[in-house]
Amino acid sequence: MITTIEKLQQQIGQTITLQGWTDNKRSSKGLFFIILRDGTGRCQCVVDEASVSVEVFENAKKLTQETSCILTGLVKADDRQLGGVELQVTDLQIVSIAIDYPITKKEHGIEFLMSNRHLWLRSQRQWAIMRIRNTIIYSIHTYFQNEGFMQMDAPIFTGNASEGTSNLFEVDYFDKDTKAYLSQSGQLYGEAMAMAMGKIYTFGPTFRAEKSKTRRHLSEFWMMEPEMAFYDIFMNMDCIEAMMKHVCRDVLAKNRTELNILERDVTVLENTVNVGFPRLLYDEAVAIIKGEKDVNGKNSITSLEDDLKMIDARILEINNEIQERSDKIKNGILKKQGEINFNQAKIDGLKQELKDCEEQQRNIPTWIASAKNFEYGNDFGGSDETVITRLFDLPIMVYNWPHAVKAFYLKRDPNDARFARGVDVLAPEGYGEIVGGGERETDLELLIEKIHEHGLPMEVFEWYLDLRRFGSVPHAGFGLGLERIVTWICKLPHVREAIPFPRMYGNLMP
RNA sequence: UCCUUGAUAGCUCAGCUGGUUAGAGCGAGUGACUGUUAAUCACUAGGUCCCUGGUUCGAGCCCAGGUCAGGGAGCCA
């Protein structure tokens, strides 16, 4: 019977067949230990010379990393193994032998791994990330479908830049004089559909042509954008929070194995499910960034300064240890080659850590300066988001932004005309913005004024203005960056691992 | 676009103040070992030191220009 590794727990004592790829192989006299992966998990398979035919044992000898094969054997419980089971092989057929698979068992650099992304996806860590990504996508759909939202597809070719000045990808549209732009947001179309359906969401690709090279940017990413008629900003925030709680609850329920592989500490995810998100006015958030207001006894500026002190101390420690160990090697205190190799390896590791520390030593002072000198009225920069979110252990919502720094379509706060009813959700642990949204402007005259203010061409927004001319209602919505929430939930160092084939500035292959 | 760090074996990296024939670990190949968990041990093969020019008796190392990559800023989800 053909089965998969994830089902083996229920098949102990049975003889079954697995189809997959050789992840690793160890041998001893008369024994091969094969780690098989089949897309659903990994399992150790033992080939014992005493209990298989000569051909089967010869086949086992031929297995190399990533050779595809079909194994038959008895499923046996074994607590020492990861899945708690082991396969005692009786038959082994090779499907296709892999020669010199490039991604080996030891460490690799990011440039090499990215150029082998098509193969890197097979490794355990990437497997775990992609499974969590899948849970998140499914969870978003089930949440909105259960809440009575209708999924719609917004166009990818658009005739205008929806928010004005962003850098968009431009393509010829049938003839050379007509330009189309790859969509940077489906929101305006979502608003139209919300007036037809009530509550809708889009889930599709989004393109930004900014020449950004940082851990939080992609040129092509997936965004989910709900839009709800008769919602104000507070209902919108309730919706964001409920959706994010739902997603985190699903990941915690379905992906414990994957979170373990990623060594993800889940307390922050549990907080997200169980605790209400702090909702801060822009004014409060600014005071926190500038260090004028503490959060749970933590201060943005002094905590950064403390970090910097710790890094300075660590750099001294590392340098001393490198000095000590290299002196030992030089002075011939160490006799055995093994000891020398061990110390050399330690030194290399310390040098790597030193580089990381020095990087932070360069970055933190500029972050401190940027936080201290934050000018009231500006949007948050990347480092400002890092500074504020490090103080919390669950996502926070910042709302009521100065209207000048936000998009033209956001509703002006009726109580204070300086502000617009936008809301950003910042993920904790330094991750920053993963959701941006708000209540939309309903007043036709104000909207026209805003379009003029932003220097946008009125004619491409006429259809959008019709939404206000014919039965305008209060409505709100938001955009969730899929890769950004995957990055945060998995606690990845870079967004490029959160999508199968990342598209970034200067990178198009594979 | 700007700031910053880097490019040496298939991979990850050493290489001192410029000095003879370029080093390690991993991976690959061969062999040993009957329960391994990135197994271990022995041996073998493996190099356009990113490119172009310069300084020098002599350049992997110094200088100039370029290419590519990492990190950060701006911009953004």
Asker: Return the value, rounded to whole Å, for the distance between atom OH of A:Y101 and atom C1' of B:rC26.
Answerer: 16 Å
Asker: Using a heavy-atom cut-off of under 4.0 Å over every strand shown, decide if A:T366 touches base, sugar-phosphate, or nothing.
Answerer: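 No contact.
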Asker: From the list B:rU37, B:rU1, B:rA77, which nucleotide is the closest neighbour of the side chain of A:K211?
Answerer: B:rU1
Asker: What is the nucleic acid contact for A:E86, judged by heavy atoms within less than 4.0 Å: base, sugar-phosphate only, or nothing?
Answerer: base
Asker: If each of A:L31 and A:R26 is mapped to the nucleotide of RNA chain B with the nearest heavy atom, which maps nearer the 5' terminus, i.e. the 5' end?
Answerer: A:L31
Asker: Are B:rA77 and A:F221 stacked, with the base six-membered ring and the side-chain ring centres under 5.5 Å apart and planes under 30°?
Answerer: yes
Asker: Assign A:D384 to base, sugar-phosphate, or nothing according to its heavy-atom contacts below 4.0 angstrom with the strands shown.
Answerer: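 It contacts nothing in the nucleic acid.
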Asker: Taking only the P atom of each, what is the distance from B:rG29 to B:rA64 in whole angstrom?
Answerer: 46 Å
Asker: Are A:E385 and A:R216 ion-paired here, with the side-chain N under 4.0 Å from a carboxylate O?
Answerer: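 A salt bridge is present here (some side-chain N lies under 4.0 Å from a carboxylate O).
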Asker: Could you check whether A:I485 gets within reach of a base, just the sugar-phosphate, or nothing at all, counting any heavy atom under 4.0 Å?
Answerer: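 Nothing, no nucleic acid heavy atom in range.
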Asker: Base, sugar-phosphate, or nothing for A:G109, non-hydrogen atoms under 4.0 angstrom?
Answerer: sugar-phosphate
Asker: Can you spot which of A:V46, A:L87, A:V47 makes a side-chain contact (heavy atoms from CB on, under 4.5 Å) with A:I34?
Answerer: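 The option that passes is A:V47.
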Asker: Mind calculating the distance between CZ (A:R80) and C1' (B:rU36) to the nearest angstrom?
Answerer: 9 Å
Asker: Using atom C1' in both nucleotides, what's the gap between B:rC33 and B:rG70 to the nearest angstrom?
Answerer: 43 Å
Asker: Rounded to whole angstrom, note down the C1' distance from B:rU48 over to B:rC43.
Answerer: 29 Å
Asker: Roughly how many Å apart are B:rG60 and B:rU21, using the P atom of each and rounding to a whole number?
Answerer: 11 Å
Asker: Should A:R279 and A:E241 count as an ion pair when the cut-off is N to O under 4.0 Å?
Answerer: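 The answer is yes: the pair qualifies as a salt bridge.
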Asker: Mind checking which stems touch RNA chain B? I mean at least 3 consecutive Watson-Crick or G-U pairs, both distances under 3.5 Å.
Answerer: B:1-7 with B:67-73, B:10-13 with B:23-26, B:28-32 with B:40-44, B:50-54 with B:62-66
Asker: Taking the six-membered ring where the residue is Trp, are the ring centres of A:H403 and A:F419 under 6.0 Å apart?
Answerer: no
Asker: In whole Å, measure the gap between the P atoms of B:rC2 and B:rA59 for me.
Answerer: 34 Å
Asker: Expressed as a whole number of Å, how far does the C1' atom of B:rU56 sit from that of B:rG18?
Answerer: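 It comes out at 9 Å once rounded to the nearest Å.
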Asker: Between B:rA28, B:rU36, B:rC11, which nucleotide has the shortest distance from any of its atoms to the side chain of A:H108?
Answerer: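 Of the candidates, B:rC11 comes closest.
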Asker: Would you say CZ of A:F157 has more than 12 non-hydrogen atoms from neighbouring residues, nucleotides or ligands within 6.0 angstrom?
Answerer: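 Count not over threshold, so no.
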Asker: Are the aromatic rings of A:F207 and A:F221 close, with centres under 6.0 Å apart?
Answerer: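 Aromatic pair excluded; centres sit 6.0 Å or further apart.
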Asker: Salt bridge or not for A:K491 and A:E429, using N-O below 4.0 Å?
Answerer: yes
Asker: Would you please confirm or rule out a distance under 4.0 Å between OP1 or OP2 of B:rA77 and any side-chain N or O of A:R484?
Answerer: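 False: A:R484 side-chain N/O out of range (4.0 Å or more) of B:rA77 OP1/OP2.
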Asker: Separation of A:D48 atom CG from B:rC33 atom P, in whole Å?
Answerer: 15 Å
Asker: Atom NZ of A:K61 to atom P of B:rA28: distance rounded to whole Å?
Answerer: 16 Å
Asker: Heavy atoms from C-beta onward define the side chain here; which of B:rA77, B:rU36, B:rA39 lies closest to that of A:Q44?
Answerer: B:rU36
Asker: Could you tell me whether A:E227 and A:R440 make a salt bridge, using a distance below 4.0 angstrom between a side-chain N and a carboxylate O?
Answerer: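 Result for this pair is yes, salt bridge flagged.
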Asker: Tell me if the aromatic rings of A:Y143 and A:H246 count as close, with their centers under 6.0 Å from one another.
Answerer: yes
Asker: Would you classify A:Q81 as touching base, sugar-phosphate or nothing, given that sugar-phosphate means primed atoms plus P, OP1 and OP2, and contacts are heavy atoms under 4.0 Å?
Answerer: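 If one applies the 4.0 Å heavy-atom cut-off, A:Q81 turns out to touch a base.
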Asker: Expressed as a whole number of Å, how far does the C1' atom of B:rA22 sit from that of B:rC16?
Answerer: 15 Å
Asker: Can you tell me the distance, in whole Å, between the CD atom of A:Q361 and the P atom of B:rG72?
Answerer: 16 Å
Asker: Among the candidates B:rC76, B:rA39, B:rU36, find the nucleotide nearest to the side-chain atoms of A:N24.
Answerer: B:rA39
Asker: Enumerate the protein-to-nucleotides 8-10 of chain B contacts in which both atoms are nitrogen or oxygen and the separation is below 3.5 Å.
Answerer:
none

Asker: Whether A:D424 and A:K406 form a salt bridge (side-chain N of Lys/Arg under 4.0 Å from carboxylate O of Asp/Glu) is what I want to check.
Answerer: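 Judged by the 4.0 Å cut-off on N to carboxylate O distance, A:K406 and A:D424 do form a salt bridge.
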Asker: Considering every strand and a 4.0 Å limit on heavy-atom distances, what is the contact class for A:V495: base, sugar-phosphate, or nothing?
Answerer: nothing
Asker: Between B:rA14 and B:rA7, how far is it from one C1' atom to the other, in whole Å?
Answerer: 15 Å
Asker: Decide, yes or no, whether a salt bridge links A:D307 with A:R390 under the criterion of side-chain N to carboxylate O below 4.0 Å.
Answerer: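 Answer for the salt bridge query: yes.
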Asker: If you look at every strand shown and take non-hydrogen atoms under 4.0 Å, does A:E220 touch a base, only sugar-phosphate, or nothing?
Answerer: nothing
Asker: Students often mix this up, so state it plainly: with edges at 30° and 60°, are the rings of A:F380 and A:Y282 parallel, tilted or perpendicular?
Answerer: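 Taking A:Y282 first and then A:F380, their aromatic rings lie parallel (interplane angle under 30°).
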Asker: Rounded to the nearest Å, what distance is computed from the NZ atom of residue A:K406 to the P atom of nucleotide B:rC76?
Answerer: 8 Å
Asker: I want to know whether A:H118 and A:F501 have ring centres closer than 6.0 Å.
Answerer: no
Asker: With a 4.0 Å limit, can you tell me whether A:W367 has a side-chain N or O closer than that to the phosphate oxygens OP1/OP2 of B:rG72?
Answerer: no
Asker: Hey, what's the ring geometry for A:F144 with A:F149, parallel, tilted or perpendicular (30° and 60° as the breaks)?
Answerer: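 Ring orientation of A:F144 relative to A:F149: perpendicular.
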Asker: Please tabulate the protein-to-nucleotide N/O contacts below 3.5 Å involving nucleotides 68-71 of chain B, giving atom names and distances.
Answerer:
residue: B:rA69; atom: OP1; partner: A:G506; partner atom: O; Å: 3.2
residue: B:rA69; atom: O2'; partner: A:E111; partner atom: OE1; Å: 3.3
residue: B:rG70; atom: OP2; partner: A:K213; partner atom: NZ; Å: 2.8
residue: B:rG71; atom: OP1; partner: A:R496; partner atom: NH2; Å: 2.8
residue: B:rG71; atom: O2'; partner: A:E359; partner atom: OE2; Å: 2.7

Asker: When you measure from the side chain of A:S27, which nucleotide among B:rC33, B:rC75, B:rU37 comes out closest?
Answerer: B:rC33
Asker: Nearest-nucleotide wise, let me know which of A:L480 and A:S28 is further upstream toward the 5' end of RNA chain B.
Answerer: A:S28
